[in-house]
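One structure is given here, and the rest of the page talks about it.
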2 protein chains.
Amino acid sequence: MSVPSKVTDYIAQNEAAFVKRLSDAVAIPSVSGDAAYRQDVFKMADWIKNELTALGVTVNFKDLGKQVLDGQTIQLPPAILASIGSDANKPTVLLYAHYDVQPALKSDGWNTEPFELVFDEKNDRYYGRGSTDDKGPLIGWINVLEAHVKTGTELPVNLKFCFEGMEESGSEGLDELILEESKPGKFLHGVDCVCISDNYWLNTRTPCLTYGLRGLSYFKLTISGPARDLHSGVFGGTVHEPMTDLITLMSKLVTPDAKILIPGVYELVAPLTPQEKALYDALDYGISDVEQSAGAKIALSDDKIKVLMGRMREPSLSLHGIEGAFYSPGAKTVIPASVAGKFSLRLVPNQTPDKIEQLVKAYVTSEFQKLNSKNKMELEHLHGGEPWVDDPNHWNFQAAKRATEAVYKKTPDFTREGGSIPITISFSRALNVSVVLLPMGRGDDGAHSTNEKLDRSNYLKGTQLLGTYLWEVANKK
Amino acid sequence: MSVPSKVTDYIAQNEAAFVKRLSDAVAIPSVSGDAAYRQDVFKMADWIKNELTALGVTVNFKDLGKQVLDGQTIQLPPAILASIGSDANKPTVLLYAHYDVQPALKSDGWNTEPFELVFDEKNDRYYGRGSTDDKGPLIGWINVLEAHVKTGTELPVNLKFCFEGMEESGSEGLDELILEESKPGKFLHGVDCVCISDNYWLNTRTPCLTYGLRGLSYFKLTISGPARDLHSGVFGGTVHEPMTDLITLMSKLVTPDAKILIPGVYELVAPLTPQEKALYDALDYGISDVEQSAGAKIALSDDKIKVLMGRMREPSLSLHGIEGAFYSPGAKTVIPASVAGKFSLRLVPNQTPDKIEQLVKAYVTSEFQKLNSKNKMELEHLHGGEPWVDDPNHWNFQAAKRATEAVYKKTPDFTREGGSIPITISFSRALNVSVVLLPMGRGDDGAHSTNEKLDRSNYLKGTQLLGTYLWEVANKK
Ligand SMILES: [Zn+2]
Ligand SMILES: [Zn+2]
Ligand SMILES: [Zn+2]
Ligand SMILES: [Zn+2]
């Protein structure tokens with residue numbers, strides 16, 4: 001079985017309608033992180049429900065309860081659980097995507113209105129918030145459905161959908177729902193594999209399949225002393241300054257060449273096999289890609305494998321900033337009363353947030369004691385996520401590989417990603433099936449940045465890819 | 001010669017009129033830092049002109065030109081240059097004060113309307129913006145003039161006044177005016193001494209005379225690398241992160257016990273004489289005062305002299321914050337593209353901003369090179385101010401001392417302040433005469449804070465003090 005040409009032809013011939021669909025979706029500013037936009041997140045859920053229902057899908061909204069945001073208690077947007085097909089002879093594929101987006105204001109530095117899909121003829125790409133993250137892929141699935149329905153083609157698999165509206169804001173409530181719905185007799189029970197299209201190619205050339213993600217441990221290290229901010233003229237040289245303590249502690253976490261200084265962190269890292277090492281060398285990605293993507297020649301090493309392993313299979317520690325200190329332009333002679341350093345570690349197998357938290361707490365506590373400061377120190381573990389790695393030889397990955405080869409005439413890169421997509425772990429654990437990350441967009445799409453874009457060819461070939469993948473999954477044996 | 005009792009009696013008997021005068025002045029919201037209040041700053045200048053003129057003083061407004069504020073080009077408030085008396089046999093005293101105030105809104109946390117002088121019977125004090133900084137002292141001089149005029153008493157000295165309306169906003173234009181007016185034949189030429197009443201007692205108990213101020217060198221240390229903010233999941237472990245470089249450098253500036261690590265900084269400090277050391281021990285100020293004022297037991301030492309010297313005669317280095325890094329509550333996994341650490345040194349004789357800038361530049365550059373980072377480093381000296389120290393044995397200080405003893409029956413503390421009052425340096429340099437800082441208010445007045453206050457006794461005894469000082473100056477030989 002392979003994807004019928006009437007399906008792929010339909011997709012090729014209906015570009016205008018698909019772009020219209022994406023345009024309509026981008027026009028709804030479904031920003032989950034800002035209470036002022038919550039009604040738009042709900043509007044987006046309704047929009048999806050209408051689209052799916054019109055294509056014969058059974059759609060349910062799962063109420064995830066309330067949250068407190070910007071000082072208000074407001075309703076969480078629903079998880080959309082939907083399905084089509086229940087043929088016991090077909091594999092059942094669970095598709096995940098999210099319909100919320102990152103905040104965006106034109107004044108942030110956008111060249112176009114962020115909530116308007118704008119075609120850039122010169123570069124053959126579409127600009128707009130959510131174009132690539134994650135409305136493009138979500139709508140890709142809808143386009144695939146339409147192509148089957150309108151051509152009278154029976155789907156080769158049973159489909160279940162889990163679309164959420166809180167991904168950009170911590171996926172509140174979703175973990176519990178997944179656990180609950182994975183129980184026998186519930187919605188997610190019996191799923192054979194999962195496909196998530198919510199990440200990106202490594203570069204702008206070669207499609208990829210992602211089989212691993214780093215985890216995360218995010219910390220807030222607070223030092224407080226005086227009862228209020230002090231004037232450095234009056235108090236400088238007389239008291240223990242919280243900023244001095246904090247900067248000293250933060251400097252002991254990681255070196256400028258990115259070596260983590262917390263004892264025990266590296267001992268938890270799974271050893272590298274020669275087979276895994278070979279995978280990095282094979283990738284169509286190098287130091288120049290990293291540096292082009294960063295916009296500067298600042299790679300930590302001249303050794304490609306080292307740099308790629310630094311992203312994919314080694315832990316890292318980044319210092320993000322300081323809350324409570326002076327952060328504006330200009331000069332203010334303040335001794336801030338309480339300052340909180342934010343830093344996080346990216347975790348890899350076999351590190352876990354729990355073990356990392358223990359190591360960080362022990363180390364920071366002992367280093368703070370060495371300072372002999374009269375200030376107070378507090379370490380909080382704001383959140384954690386486990387690292388994840390799957391088997392790239394599983395039929396789910398092999399189906400995605402064949403689909404990629406069919407659409408792009410290229411063997412995909414098999415990659416592990418540096419960032420976390422916590423939902424991957426949730427599905428992997430709750431369902432105990434293979435999860436393939438099958439991206440639609442390119443490495444330079446700028447998800448979460450200003451001028452987020454999706455290349456026209458990625459949208460159209462990406463829709464073909466998703467459709468072809470379903471047919472290849474049907475060949476799983 | 002000492003102050004005639006008819007003058008001191010007049011002051012004692014006219015409290016109500018003096019309070020009315022302060023109340024009228026506080027009611028004019030002469031906030032210099034906000035264009036919306038500029039007309040009130042001018043109104044305040046006119047009010048002062050009327051008061052002085054009515055008492056026989058010749059008043060001139062000096063136009064200081066225009067400034068750009070809040071996006072508008074607006075007229076600077078005038079410097080008020082005024083004088084009374086030109087007897088060659090009398091010393092000429094220059095009095096400085098400022099008639100502008102800090103911003104204040106009731107919603108900032110004031111218990112009373114900030115631009116209304118409100119008497120607090122329980123604590124015997126007056127609340128209101130400008131009550132202590134600096135309308136109370138400025139009006140103290142007017143009260144003294146009135147006491148002489150109304151009792152038919154000839155002033156024992158020639159008086160010149162320099163009252164400015166931009167002190168809280170950088171004293172724009174005043175330095176140039178002082179230099180110009182100090183030339184032979186000009187207004188300030190021939191001044192024998194200067195008295196500035198615009199600072200505070202160390203505590204709430206003992207009057208003080210201030211003979212030294214620390215200077216300032218404020219730096220901005222920028223590290224930049226990537227062309228845009230990066231995601232720590234994608235780039236953590238692959239590139240040189242500007243924050244890691246910056247935190248490492250900032251940690252090399254000062255230790256948690258406040259020792260400055262920049263070579264050469266301490267070598268510039270004037271040596272401590274046993275005589276000066278004894279002054280600190282004599283001060284009615286201790287570690288508990290410092291800690292009460294800071295609101296926490298965080299003094300760097302248990303040794304009073306060490307702590308007071310740390311504020312008054314030692315340099316200090318404070319880390320104020322970081323521009324460009326993540327500063328909000330919550331958790332953001334950003335690698336900021338460009339971050340700028342703000343730090344400043346408080347300078348003491350014989351340090352100068354120029355010398356300090358050289359030392360900091362050399363050190364930071366060499367430390368950055370050691371990091372072997374591919375990021376870029378830039379150090380900017382945002383602004384500097386010279387430290388100042390005067391001779392507490394000069395007749396100007398001894399006159400202020402005798403006046404204090406006469407009014408308060410107490411020997412004043414001879415203090416050096418940790419913060420800078422740049423105008424002091426300007427007068428000291430341009431006129432090359434003694435400048436005494438003779439405060440009216442107490443250490444807990446809360447200038448620049450909400451609920452700024454002036455104790456009733458400080459206002460009335462302060463007026464006596466200013467009047468008595470003039471008579472003691474007349475005894476200068
Ligand atoms: Zn996403
Ligand atoms: Zn996203
Ligand atoms: Zn002042
Ligand atoms: Zn002030």
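Values below: every heavy atom of this structure, side chains too, minus hydrogens, waters and symmetry copies. Proteins come first, then strands; the chains are lettered A, B, ... in the order of their sequence lines, and each starts at number 1.
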Self-check item: Region of B/Leu319 in contact with chain A, defined by heavy-atom distances below 4.5 Å
Solution: both

Quiz item: What part of A/Leu216 is in contact with chain B, defined as an atom under 4.5 angstrom from a non-hydrogen atom: side chain, backbone, both or neither?
Solution: side chain

Quiz prompt | Part of A/Arg311 lying under 4.5 Å from any heavy atom of chain B | solution = both

Quiz item: side chain to side chain donor-acceptor pair (under 3.5 Å) between B/Glu241 and A/Ser318: does it pass, once the steps are laid out?
Solution: CA-CA 8 Å; B/Glu241 301 187 15; A/Ser318 294; 2.9 Å; yes

Quiz item: When only pairs under 4.5 Å are counted, which of B/Ala325, B/Pro329, B/Pro242 shares the most heavy-atom pairs with chain A?
Solution: B/Pro329

Quiz item: When rounded to the nearest 0.5 angstrom, what is the spacing between CZ in B/Phe219 and CG in B/Leu253?
Solution: 10.0 Å

Practice problem: Would you check if the side chain of A/Arg313 reaches a backbone N or O of A/Val348 as a donor-acceptor pair within less than 3.5 Å? | Solution: no

Output side-chain donor-acceptor pairs under 3.5 Å for residues 296-303 of chain A, partner residues at least two apart or in another chain, one line each.
residue, atom, partner, partner atom, Å
A/Ser301, OG, A/Asp303, N, 2.9
A/Asp303, OD1, A/Ile305, N, 3.0
A/Asp303, OD1, A/Lys306, N, 3.4

Quiz prompt | B/His320 versus chain A, the contacting section by heavy-atom distance below 4.5 Å | solution = both

Quiz item: Closest heavy-atom contact between B/Arg442 and B/Asp445?
Solution: N-OD2, 3.0 Å

Exercise. Would you mind checking which part of A/Leu382 comes under 4.5 Å of any heavy atom in chain B, side chain (CB onward), backbone (N, CA, C, O), both or neither?
Key: side chain

Quiz prompt | Top contributor to chain A contacts, counting heavy-atom pairs under 4.5 Å, from B/Leu246, B/Ile287, B/Val239, B/Asn372 | solution = B/Val239

Quiz item: Among A/Gly324, A/Ala258, A/Gly330, which residue forms the greatest number of heavy-atom pairs with chain B at distances under 4.5 Å?
Solution: A/Gly330

Quiz item: By a 4.5 Å heavy-atom criterion (distance strictly below it), what part of B/Arg228 contacts chain A: side chain, backbone, both, or neither?
Solution: both

Quiz prompt | Non-hydrogen atoms of A/Ile335 and A/His231 that approach each other most closely | solution = CD1-O, 4.2 Å

Self-check item: Check: B/Asp289 side chain, B/Gly286 main-chain N or O, donor-acceptor pair, under 3.5 Å
Solution: yes

Quiz item: So which of B/Asn375, B/Thr333, B/Asp257, B/Val339 has the biggest tally of heavy-atom pairs under 4.5 Å with chain A?
Solution: B/Thr333

Practice problem: Output the option from A/Asp245, A/Thr248, A/Val334, A/Leu371 having the highest count of non-hydrogen pairs under 4.5 Å with chain B. | Solution: A/Val334

Quiz item: Of all of A/Pro256, A/Ser251, A/Ala227, which one pairs up most often with chain B through heavy atoms under 4.5 Å apart?
Solution: A/Pro256

Quiz item: Would you say A/Gln102's side chain and A/Ser449's backbone share a donor-acceptor pair under 3.5 angstrom?
Solution: no

Quiz item: Do A/Asp34 and A/Pro103 have side chains that get closer than 4.5 Å, going by heavy atoms?
Solution: no

Quiz item: Would you say the side chains of B/Thr210 and B/Thr415 form a donor-acceptor pair under 3.5 Å?
Solution: yes

Practice problem: Pick one of side chain, backbone, both or neither for B/Pro336, based on which atoms fall under 4.5 Å of a heavy atom in chain A. | Solution: side chain

Self-check item: Part of B/Ser224 within contact of chain A (heavy atom distance under 4.5 Å)
Solution: neither

Exercise. Report the C-alpha separation of A/Asp133 and A/His448 in whole Å, then their side-chain angles, then the decisive distance to 0.1 Å, and conclude whether the side chain to side chain donor-acceptor pair (under 3.5 Å) test is met.
Key: CA-CA 8 Å; A/Asp133 181 19; A/His448 298 209; 3.0 Å; yes

Quiz prompt | Per-residue contact mode, A/Ser344 against chain B (heavy atom under 4.5 angstrom) | solution = side chain

Quiz item: Which residue out of B/Pro315, B/Ser420, B/Ser316, B/Ala331 racks up the most heavy-atom pairs below 4.5 Å with chain A?
Solution: B/Ala331

Exercise. Scan residues 325-347 of chain B for pairs that pass salt bridge (Lys or Arg N to Asp or Glu O under 4.0 Å), counting only residues two or more places apart or in two chains.
Key: B/Glu323-B/Lys342

Quiz item: Given the options B/Glu417, B/Lys259, B/Met250, B/His383, which has more heavy-atom pairs under 4.5 Å with chain A than any of the others?
Solution: B/Met250

Quiz prompt | Under 4.5 Å from a heavy atom of chain B, the part of A/Thr255 involved | solution = backbone

Self-check item: Top contributor to chain A contacts, counting heavy-atom pairs under 4.5 Å, from B/Thr244, B/Asp229, B/Thr238
Solution: B/Thr238

Quiz prompt | Interchain contact, B/Leu345 with chain A, by part (heavy-atom threshold 4.5 Å) | solution = neither

